[in-house]
*Asks:* 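Have a look at this one.
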Amino acid sequence: QVRLVESGGGLVQAGGSLRLSCAASGSIFSVNDMGWYRQAPGKQRELVALITSGGRTDYADSVKGRFTVSRDNAKSTVSLQMNSLKPDDTAVYYCYAHSIGPPYNNWGQGTQVTVSS
């Protein structure tokens with residue numbers, strides 16, 4: 001099993017920046033893809049950013065050019081740099097890690113990001 005612990009959420013004004021970090025522990029050798037999802041009140045959970053074990057990234061159209069996902073060499077942490085934040089970015093952000101053998105999705109407990117206008 002993989003445990004994901006998030007940090008970095010908070011309250012910022014529109015146009016500001018936040019950096020989220022997620023530390024993975026446990027069976028980290030089974031992890032390949034990692035990333036971030038978010039869920040706003042009354043909305044479905046959506047993919048924000050994904051990074052593969054090889055470093056390939058994918059972003060939601062709504063955050064392209066503003067958010068950057070990264071991963072350290074040990075593949076034990078994943079970060080999300082969020083710039084030019086908008087009120088519509090307000091959501092609970094969840095760290096995600098996909099494990100292999102058998103395939104399993106691991107989730108963090110979520111961290112609140114609130115962007116005020």
Side-chain angles (χ1 to χ4, degrees):
Q1 300 296 316
V2 177
R3 185 188 183 197
L4 303 174
V5 180
E6 300 159 323
S7 62
L11 173 65
V12 296
Q13 293 185 346
S17 298
L18 282 175
R19 185 176 180 87
L20 306 182
S21 183
C22 174
S25 61
S27 301
I28 60 175
F29 296 106
S30 67
V31 172
N32 54 355
D33 298 339
M34 299 186 72
W36 296 88
Y37 285 70
R38 69 185 181 187
Q39 187 167 25
K43 302 292 185 180
Q44 299 294 318
R45 185 176 298 189
E46 64 174 345
L47 175 68
V48 178
L50 185 71
I51 183 167
T52 70
S53 59
R56 182 174 297 178
T57 59
D58 191 24
Y59 297 93
D61 288 341
S62 60
V63 307
K64 286 181 179 177
R66 300 188 297 120
F67 291 9
T68 303
V69 64
S70 60
R71 189 171 183 172
D72 73 357
N73 291 334
K75 302 179 181 179
S76 60
T77 63
V78 61
S79 298
L80 185 69
Q81 179 66 45
M82 304 184 294
N83 298 325
S84 302
L85 284 162
K86 305 174 181 179
D88 285 349
D89 294 319
T90 296
V92 177
Y93 284 71
Y94 297 91
C95 184
Y96 162 84
H98 184 263
S99 298
I100 299 176
Y104 187 78
N105 294 324
N106 304 280
W107 298 93
Q109 61 187 1
T111 184
Q112 177 70 46
V113 172
T114 302
V115 184
S116 65
S117 58

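Note that these values count all heavy atoms, side chains included, but never hydrogens, waters or copies made by symmetry.
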*Asks:* Check whether Thr57 reaches the backbone of Ile51 with its side chain - one donor and one acceptor, N or O, closer than 3.5 Å.
*Replies:*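 No, because the side chain of Thr57 does not come within donor-acceptor range (under 3.5 Å) of the backbone of Ile51.
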*Asks:* Would you say CZ of Arg45 has more than 12 non-hydrogen atoms from neighbouring residues, nucleotides or ligands within 6.0 angstrom?
*Replies:*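 For Arg45, atom CZ is crowded (more than 12 foreign heavy atoms under 6.0 Å).
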*Asks:* If you group Ile, Leu, Val, Met, Phe, Trp and Tyr by side-chain heavy-atom gaps below 4.5 Å, do Leu18 and Val115 land in one group?
*Replies:*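 Per the 4.5 Å side-chain linkage, Leu18 and Val115 are co-clustered.
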*Asks:* State yes or no: do Val113 and Trp36 share one hydrophobic cluster built from I, L, V, M, F, W and Y residues joined by side-chain heavy-atom distances below 4.5 Å, directly or via other members?
*Replies:*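 Same cluster.
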*Asks:* Do the side chains of Arg71 and Ser53 get nearer than 4.5 Å, heavy atoms only?
*Replies:*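 With C-beta onward as the side chain, the pair touches.
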*Asks:* Tell me every residue that passes salt bridge (Lys or Arg N to Asp or Glu O under 4.0 Å) with Lys43, counting only those two or more places apart in sequence or in another chain.
*Replies:*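 Applying salt bridge (Lys or Arg N to Asp or Glu O under 4.0 Å) to Lys43 gives none.
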*Asks:* With a 4.5 Å cut-off on side-chain heavy atoms, are Val78 and Val69 touching?
*Replies:*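 Counting from C-beta outward, Val69 and Val78 do come under 4.5 Å.
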*Asks:* Between Leu47 and Val92, is there a shared hydrophobic cluster once you connect ILVMFWY residues whose side-chain heavy atoms come closer than 4.5 Å?
*Replies:*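 As far as the 4.5 Å side-chain criterion goes, Val92 and Leu47 are connected within one cluster.
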*Asks:* Would a 4.5 Å heavy-atom cut-off, applied to side chains only, mark Arg38 and Asp89 as touching?
*Replies:*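 Side chain of Arg38 against side chain of Asp89, heavy atoms only: contact under 4.5 Å found.
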*Asks:* How many angstroms lie between CD1 in Ile100 and OG in Ser30, if you round to the nearest 0.5 Å?
*Replies:*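 Spacing of CD1 (Ile100) from OG (Ser30) equals 8.0 Å.
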*Asks:* Taking only Lys NZ, Arg NE, NH1 and NH2, and the carboxylate oxygens of Asp or Glu, determine whether Lys64 and Asp61 approach each other closer than 4.0 Å.
*Replies:*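 Judged by the 4.0 Å cut-off on N to carboxylate O distance, Lys64 and Asp61 do form a salt bridge.
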*Asks:* Grab the two heavy atoms, one from Ala24 and one from Leu4, that are nearest each other, plus how far apart they are.
*Replies:*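 Looking at all heavy atoms of both residues, the shortest contact is CB-CD2, 3.7 Å.
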*Asks:* Just one of Val31, Ile28, Asp33 clears the side chain to side chain contact (heavy atoms under 4.5 Å, CB included) bar with Ser99, so which one?
*Replies:*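 Going through the options one by one, the only one that passes is Val31.
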*Asks:* Classify the angle between the aromatic ring planes of Tyr96 and Trp107 as parallel (below 30°), tilted (30 to 60°) or perpendicular (above 60°).
*Replies:*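 The arrangement is tilted - the two ring planes meet at 30° to 60°.
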*Asks:* Would you say the side chain of Arg66 lies within less than 4.5 Å of the side chain of Tyr59, judging by non-hydrogen atoms?
*Replies:*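 They are not in side-chain contact.
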*Asks:* Which is it for Ser79 and Gln81 under the side chain to side chain donor-acceptor pair (under 3.5 Å) test, yes or no, and what are the steps along the way?
*Replies:* CA-CA 7 Å; Ser79 298; Gln81 179 66 45; over 6 Å; no
*Asks:* For Gln112 and Ala91, work out which heavy atoms get closest and say how close.
*Replies:*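 In terms of heavy atoms, the two residues are closest at NE2-O, 3.4 Å.
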*Asks:* With the side chain counted from C-beta on, respond yes when Glu6 and Tyr94 share a heavy-atom pair under 4.5 Å apart, and no when they do not.
*Replies:*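 Touching, per the 4.5 Å side-chain cut-off.
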*Asks:* Minimum heavy-atom separation for Ala23 and Thr77, please, with both atom names.
*Replies:*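 Shortest heavy-atom separation between Ala23 and Thr77 comes out as CA-CG2, 4.0 Å.
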*Asks:* Would you say that more than 12 heavy atoms from the other residues, nucleotides or ligands in this model lie under 6.0 Å from the CD of Gln39, or not?
*Replies:*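 Enclosed.
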*Asks:* State, yes or no, whether a side-chain contact exists between Phe67 and Leu80 at a heavy-atom distance under 4.5 Å.
*Replies:*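 Side chain of Phe67 against side chain of Leu80, heavy atoms only: contact under 4.5 Å found.
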*Asks:* Show your reasoning for whether side chain to side chain contact (heavy atoms under 4.5 Å, CB included) applies to Ser70 and Arg19.
*Replies:* CA-CA 11 Å; Ser70 60; Arg19 185 176 180 87; 3.7 Å; yes
*Asks:* Counting C-beta onward and ignoring hydrogens, is there a side-chain heavy-atom pair between Val2 and His98 closer than 4.5 Å?
*Replies:*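 Of all side-chain heavy-atom pairs linking His98 with Val2, none is under 4.5 Å.
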*Asks:* Would you say Leu20 and Thr111 make side-chain contact, with heavy atoms under 4.5 Å?
*Replies:*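 In contact.
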*Asks:* Do side-chain atoms of Asn106 reach the backbone of Ala97 as a donor and acceptor pair under 3.5 angstrom?
*Replies:*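 Yes.
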